[in-house]
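Working notes, structure below.
Just so you know, ligand 1 is whichever comes first in the structure, and atom 1 is the first atom listed for that ligand. Sequence positions, counted from 1, serve as the residue numbers for this chain.
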Amino acid sequence: MGKKHIFNAGPCLLPQVAIDNTIEALKDFKGTGVSLLSISHRTKGWDETMDECRALWKELLCIPEGYEVVFLGGGASLQFLMAAMNFLENKAGYLETGVWAKKALKEAKGLGNAFAVASSADKNYSYIPKGYEIPADLDYFHITTNNTIYGTEIRKDIDSPVPLIADMSSDILSRPVDVSKYELIYAGAQKNAGPAGVAVAIVKTDALGKVSRYLPTMLDYRTHIDKLSMFNTPPVVSIFVMNETLKWLKGIGGVSAINAINVRKAETLYAEIDRNSLFTGTAAKEDRSIMNICFVMAPGKEDLQDEFLKFAVERDMVGIKGHRSVGGFRASTYNACTQEDVEALVAVMQEFEKIRG
Ligand SMILES: *Cc1c(COP(=O)(O)O)cnc(C)c1O
């Protein structure tokens, strides 16, 4: 069996050192003689892991004073609801750039007045809407910075007259972000920051406590801030792996360094998609994601789709089948995916063109 090149959309490829260190901790957590699976989250060494992980988030994303980082269960999907519960009082606007954005909007609508300020549904979310105006009387404007299914991304923090809330599930830690522009950033870890089972929320603390509704204890960010994400038993294994992933990221130079690597990977693959006569990209060029690269067979070549998928899988490409709502192919080039992985995929595309082009 050759080395697998993993392009899964999520859960994602994780750095090998994070996996190896986790295996050690599963056997013996920090020399305690107890497996990570069996430690109490009140164990002293565990506090240190939580503290380290919080500090790494703050350092890697240059999170300013006045923000807290919390680790939560329920994935990004629960954050759709928590964001609205904690911040929607009168009116909220959403940028509808895909099904995740729509799901976030649905939760807000269930609680109050929330609507799509702009949408790209007319072209199956293949672009990011532009030229819309954000109403100045919104409690917040919600964006999904990277649209995992369609391969579009808002790569520059937008200007907004109202506080921004962002679902950054699939591009957090892939590029620098000006956190001060947001009152809430959330992400399920499993796309770029760790394994499934934990979500991270970066919350502006003085923006909390302004809504009049009753907030259930578990759905109030203040509960988790006050208890340092240990109000209830945290997902210790997932947090441990996330911490190891962040340590790896810091070790290779942090978010700016990985961004340069990510841009190069994406440019390499997009260049091949644009050059290769058998393939064509699906996302508007100016909105192309550097994390999820979507492409389909070129017009007239559609009947080669299944054959290419089989051809690529036989050559150790993993996870390149596109989401069913877009079809074709999607290569997710998250942080732990390397330039070599991308070049291996490009080589397979070129080989296929030689025999079928
Ligand atoms: C995967 C994904 C989600 C859903 O995440 P869960 O953690 O599975 O709830 C939400 N938003 C985006 C952008 C995603 O890619």
If the cut-off is 4.0 Å to any non-hydrogen atom of F80, which atoms of ligand 1 fall inside it? 10 (C)
Proximal atoms of ligand 1 relative to T144 (non-hydrogen, under 4.0 Å): 13 (C)
When you compare ligand 1 with A76, is there at least one nitrogen or oxygen pair between them that comes in under 3.5 angstrom? yes
Looking at D167, D171, N292, which hits side-chain hydrogen bond (donor to acceptor under 3.5 Å, both in side chains) with N146? N292
Nearest protein heavy atom to atom 9 (O) of ligand 1, by residue and atom, and its distance? S77 OG, 2.6 Å
Is it possible for you to check whether K354 lies under 6.0 Å from the centre of the six-membered ring of F352, through NZ or CZ, and within 45° of that ring's axis? no
Atoms in ligand 1 flagged as close to N146, the criterion being non-hydrogen separation under 4.0 Å: 13 (C)
Between the side chain of S38 and the main-chain N/O of V34, is any donor-acceptor distance below 3.5 Å? no
Determine, using heavy atoms of Q190 and all atoms of ligand 1, whether some pair is separated by less than 4.0 Å. yes
Applying a 4.0 Å heavy-atom criterion (strictly less than), which segment of Y186 is in contact with ligand 1: side chain, backbone, both, or neither? neither
So F279 and F308, would you call those rings parallel, tilted or perpendicular, with 30° and 60° as cut-offs? perpendicular
Ignoring hydrogens, what is the shortest heavy-atom contact between T145 and M168? Give both atom names and the distance. OG1-CG, 3.3 Å
Within ligand 1, which atoms have a heavy atom of S169 less than 4.0 Å away? 10 (C), 11 (N), 12 (C), 13 (C), 14 (C)
Atom 14 (C) of ligand 1 - nearest protein heavy atom and its distance: K191 NZ, 2.9 Å
Among I172, V198, D167, closest by any non-hydrogen atom to atom 10 (C) of ligand 1: D167
For ligand 1, which atoms sit closer than 4.0 Å to a heavy atom of G75? 7 (O), 9 (O)
Give me the ring orientation class for F87 and Y221: parallel if the planes are under 30° apart, tilted from 30 to 60°, perpendicular past 60°. tilted
Which heavy atom of the protein is the closest neighbour of atom 15 (O) of ligand 1, given with residue, atom name and distance? T148 OG1, 2.4 Å
Please determine whether a side-chain nitrogen of the Lys or Arg among K250 and E59 lies less than 4.0 Å from a carboxylate oxygen of the Asp or Glu. yes
Look at the rings of H142 and Y186 and say which category their plane angle falls in: under 30° parallel, 30 to 60° tilted, over 60° perpendicular. tilted
